[in-house]
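Down below is the structure, laid out as structure tokens.
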Amino acid sequence: MAPQFAKSIAFFFCFLATIQAKNFDQQKKPIMKLKEKMSHFRFYWHDVLGGRNPTAIRVAQAPSTNTSPTAFGAVVMIDDALTVGPEPTSELLGRAQGFYASASQQEIGFLMAMNFAFVQGKYNGSTISIMGRNPVLHEMREMPVIGGSGLFRLARGYAQARTHAFDPKTGDAVVEYNVMLMHY
Ligand SMILES: *[C@@H]1O[C@H](CO)[C@@H](O)[C@H](O)[C@H]1NC(C)=O
């Protein structure tokens, strides 16, 4: 009986080694066989603080925020429209949802943390995530695109923002966004 038993054990280990080799092979395979491509998108971001239907609302601040020249400590939650053109009535492409927070004491500089949620055509339901620094008085600001979902899975890239219009009375702003994306 003993040699028979040894044979079974040997067979069992061979079997295990085969399974492990197979798992190892699978791990080496690429996750996607799709080709990476680069896309450029341009749209306008509408930050509406005034009026009856604001899309940007200050939700938090520090006791010193109102006396700070840079509104340091203010946190503004947004659900801003993204449109094809700069007019508020222009076709809606999606919404910028998230927040910006005044994070600089030397100049006005926001931490932007927002998702662009698209609603048009094949991009409907897909998102990209932006996280970066936005010194709004600069002519051009650049923020990283740190990821995406749907058609923008595994996206990376950058967004360049340029103020198109600003109303100092209300604080309303229209900002042109150019987004360069590597995605699949
Ligand atoms: C986008 O998708 C939603 C839900 O999946 C759907 O209700 C809506 O009609 C779609 N919009 C467009 C413009 O295709």
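Counting starts at 1 for both ligands and their atoms, following the listed order.
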Report summary line: Interatomic distance, CZ@Phe118 vs OG@Ser149, rounded to 0.5 Å, equals 10.0 Å

Query raised in the report: Do protein heavy atoms approach atom 7 (O) of ligand 1 to less than 4.0 Å?
Result: no

Query raised in the report: Is atom 12 (C) of ligand 1 less than 4.0 angstrom from at least one protein heavy atom?
Result: yes

Query raised in the report: Is the gap between the ring centers of Phe152 and Phe116 under 6.0 Å?
Result: no

Query raised in the report: Quick one: which ligand 1 atoms are inside 4.0 Å of a heavy atom on Asn124?
Result: 1 (C), 2 (O), 3 (C), 8 (C), 10 (C), 11 (N), 12 (C), 14 (O)

**Report entry** Atom indices of ligand 1 within 4.0 angstrom of Val119 heavy atoms, with elements
**Finding:** 11 (N), 12 (C), 13 (C)

Query raised in the report: Yes or no on side chain to side chain contact (heavy atoms under 4.5 Å, CB included) for Val175 and Tyr44, after CA distance, side-chain angles and deciding distance?
Result: CA-CA 6 Å; Val175 179; Tyr44 292 82; over 6 Å; no

Query - Test item: Ser126 side-chain N/O and Leu151 main-chain N/O as donor-acceptor pair under 3.5 Å - result: yes

